[in-house]
Each structure stands twice: as C-alpha cells, then as structure tokens.
Amino acid sequence: MRLKGKVAFITGAGRGIGRSIGLALARDGAKIAVTGRTKERRDQVADEIIAAGGDARPFVLDVTKDEEVVEAVRQVLETWGKIDILVNSAGIIQYHTPVWETTIEDWDMMMEINLRGTFLCCHAVVPHMVNRGEGKIINIASSSARMADDDLGPYTASKWAVAGYTTSLAKSVRPHGVRVNGLNPGWVDTDMSRDFDPAGDPEWSTSEEIANAALYLATDAPRDMTGQFIDIFGS
C-alpha cells in the first residue's frame, strides 16, 4: 500500500490503459478520480475499484474542453483536498493516414485530444502541485514518439509533441518538487488496437503491463528521475 492516502487523477480512465492504471494504483492504496467522457465506462471502473476494496469516484471530463478540465479538478480537490498523481492517458489514433494525406479536420482533432488535452490537464493541476511542493505527472505518449510511422502521420506528430512538452514541463517544475515522466507503449491489447487488428497479436503488451510501469513511476522511481520516458516496445 505504497500509495495509501494519495489521490490520483486519471484521464481516459474508462477503458484500456487508463482503466488498468486506475485499477493498479487503487490496489496500491490510491484514491482514484476516474475521469472520461462516457458515463457508463467511468462509472463501471469506479464500481470495480470500490468492489475490490478501494476508493474511487467518477468525474465527467472531455479533455479538449478547458471548462470541463477546470471543473473536474475543482471537484476532485473539493472531494479529497489534493491531487498527488496526474495520469494523462486520454488519446485517440487514426490508422492508415500518411501525414501528407491528413485532412485539416483530422489533424486538429488528433492534436486537440492527444496534445491539447494533456496540456490542459497539466495546466489545471500543476499550480496545485507546485503550491504543495510535490506531485507526480505521468504522460502516455507512444513508440510513435520514438520512431516515425509512415501511416500514422497525425498521431505520430501529436505523440512527439507530448514527449517534447513532457520534458519541457519536467525541467520547469523540478525546482518545485514536481516530477514529470512518461511511458512510450508500443502495440497494446486494447479496444483501439483491436479496431485495427481484431485478431490481435501475442507480441502485444497488455494494458496491465503498461499499468505496472505507471505504478513504478508513481512509487519506486528514483527521486531525481524526471523528464524521462520508459520505452515499452521491441526494437
């Protein structure tokens, strides 16, 4: 129970990697703010955590809407008084889209959710962490932030941007006791991956394995580890 008494705010927590991270942090004692756009999904995850003996509350959140981000953060602070851990897991992907064929609409949507959503949540939570002199932020990027994909153009661009933002933020808040790190998963067995390949692949990581890496960053990572990414994909 290394996270006993800690509060974790997780975006995209209704399914996939976000859900698994929420369950993992809850098993280690954290109180979980389960946020997402779909009520049924976020309620179900909160119920799962509670049924397992944890503490969780669902909060409505579309990460692209500044007013919803600010309100969700306000509600979590009102409920538990603090946010110790922020996990930015909300994201989307579009397959078979070379960057030169990307429409302006698709480009804007990808950047709005993957990049702007991460920024808005950090923008709302970081001042609270700085004032307390502590906090941990975990941003989910992708193997596409390390190796360019020719048919995932806008997704690759958005995840490279998330990686750059993460390292810059880490440097700026390090003097205030806030640590910012991230994960670069490759293929993970989630609904989004199955949309691309319904049969799946035994080489894919599980969302639980990604969650274990997030748990490490939230608990056992060295105190001076910040601005770093854990790569979770084969060479």
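Computed from a prediction, not measured in an experiment: that's the story for all the values here.
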_With a 3.5 Å distance limit and no angle check, can you tell me whether Asn131 reaches the backbone of Pro127 through a side-chain donor-acceptor pair?_
yes
*For the atom pair NZ (Lys4) and CG (Asp28), what is the distance rounded to the nearest 0.5 Å?*
11.5 Å
*Around Arg37, counting heavy atoms of other residues, nucleotides and ligands shown, do more than 12 lie under 6.0 Å from its CZ?*
no
*Arg132 CZ: over 12 foreign heavy atoms closer than 6.0 Å*: yes
*Answer yes if Ile137 and Phe9 sit in the same cluster of Ile, Leu, Val, Met, Phe, Trp and Tyr residues linked by side chain heavy atoms under 4.5 Å apart, and no otherwise.*
yes
*Identify which one of Leu3, Ile85, Val7 satisfies the side chain to side chain contact (heavy atoms under 4.5 Å, CB included) criterion when paired with Lys31.*
Val7
_Separation between CG of Asp43 and CZ of Arg41, rounded to the nearest 0.5 Å_ = 12.5 Å
*Following the transitive rule for hydrophobic clusters with a side-chain heavy-atom cut-off under 4.5 Å over Ile, Leu, Val, Met, Phe, Trp and Tyr, establish whether Ile140 and Leu23 coincide in one cluster.*
yes
_Donor-acceptor under 3.5 Å (Asn181 side chain, Gly227 main chain)_ = yes
*Are side-chain heavy atoms of Lys159 and Asn114 found at a separation under 4.5 Å?*
yes
*Who passes side-chain hydrogen bond (donor to acceptor under 3.5 Å, both in side chains) against Glu101, sequence neighbours left out?*
none
*Using modelled atom types only, decide if a donor and an acceptor are shared between the side chain of Gln44 and the backbone of Arg42 within a distance under 3.5 Å.*
no
*Look at the side chain of Thr226 and the backbone N and O of Val180, then say whether any donor-acceptor pair between them is shorter than 3.5 Å.*
yes
*Quick one: closest heavy-atom pair of Phe233 and Asn184, and the distance?*
CD2-O, 3.4 Å
_Under 4.5 Å between side-chain heavy atoms, counting indirect links through other Ile/Leu/Val/Met/Phe/Trp/Tyr residues: same cluster for Leu215 and Val34 or not?_
yes
*Heavy-atom distance under 4.5 Å between the side chains of Leu77 and His128, does that happen here?*
yes
*Any donor-acceptor pair under 3.5 Å from Ser193 side chain to Val188 backbone*: yes
_Using modelled atom types and a 3.5 Å cut-off, is there a donor and acceptor pairing between side-chain atoms of Ser172 and backbone atoms of Leu169?_
yes
*Do the side chains of Val87 and Val126 join up, straight or via other hydrophobic residues, at under 4.5 Å, putting them in one cluster?*
no
*Minimum heavy-atom separation for Ile92 to Met110, with atom names?*
O-SD, 3.3 Å
*Just how far is it from atom OG1 of Thr38 to atom CG of Leu61, taken to the nearest 0.5 Å?*
11.5 Å
*How many angstroms lie between CD1 in Ile210 and CD1 in Ile17, if you round to the nearest 0.5 Å?*
5.5 Å
*Would you check if the side chain of Thr11 reaches a backbone N or O of Ser89 as a donor-acceptor pair within less than 3.5 Å?*
yes
*First locate atom CD1 of Ile232, then atom CD of Glu209, and finally report the distance between them rounded to the nearest 0.5 Å.*
9.0 Å
_With rounding to the nearest 0.5 angstrom, report the CG to CZ distance, Asp191 to Arg19._
10.0 Å
_What I'd like to find out is whether the side chain of Leu25 reaches to under 4.5 Å of the side chain of Lys6, using heavy atoms alone._
no
*Does atom CD of Glu203 have more than 12 heavy-atom neighbours from other groups under 6.0 Å away?*
no
*Examine distances only and state if a side-chain atom of Thr167 and a backbone atom of Gly164 form a donor-acceptor pair shorter than 3.5 Å.*
yes
*Looking only at heavy atoms, what is the nearest atom pair of Pro154 and Thr102, with distance?*
CD-OG1, 3.3 Å
*Rest of the hydrophobic cluster containing Trp107 (Ile/Leu/Val/Met/Phe/Trp/Tyr, side-chain heavy atoms under 4.5 Å)?*
Val99, Met111, Leu115, Val162
*Is the closest side-chain heavy-atom distance between Asp106 and Gln94 below 4.5 Å?*
yes
*Indicate, with yes or no, if Val70 and Leu120 share a hydrophobic cluster defined by side-chain heavy-atom contacts under 4.5 Å among Ile, Leu, Val, Met, Phe, Trp and Tyr.*
no
*Does Trp100 sit in a hydrophobic cluster with other residues, and if so which ones, taking ILVMFWY side chains as linked at heavy-atom separations under 4.5 Å, directly or through other members?*
none
_With side chain to side chain donor-acceptor pair (under 3.5 Å) as the criterion, how do Asn139 and Thr166 come out once you've worked through the C-alpha distance, each side chain's angles and the decisive distance to 0.1 Å?_
CA-CA 7 Å; Asn139 292 333; Thr166 298; 2.9 Å; yes
*Can you check whether Val63 reaches Cys121 side chain to side chain, under 4.5 Å on heavy atoms?*
yes
*Is the Trp187 ring parallel, tilted or perpendicular to the Trp204 ring (thresholds 30°, 60°)?*
parallel
*Contact summary for Tyr216 and Pro222, nearest pair of heavy atoms*: OH-CD, 3.2 Å
_On a heavy-atom basis, which atom in Ala13 and which in Val45 lie closest, and how many Å separate them?_
O-CG2, 3.4 Å
_Derivation of the side chain to side chain contact (heavy atoms under 4.5 Å, CB included) call for Met129 and Val173_ = CA-CA 9 Å; Met129 290 181 169; Val173 298; over 6 Å; no
*asked:* Are Met109 and Thr64 packed together at the side-chain level, in the sense that at least one heavy-atom pair is separated by less than 4.5 angstrom?
replied: no
_Ignoring hydrogens, what is the shortest heavy-atom contact between Leu183 and Ala213? Give both atom names and the distance._
CD2-CB, 3.8 Å
*Does the side chain of Ile93 reach to within under 4.5 Å of the side chain of Ser142, using non-hydrogen atoms?*
no
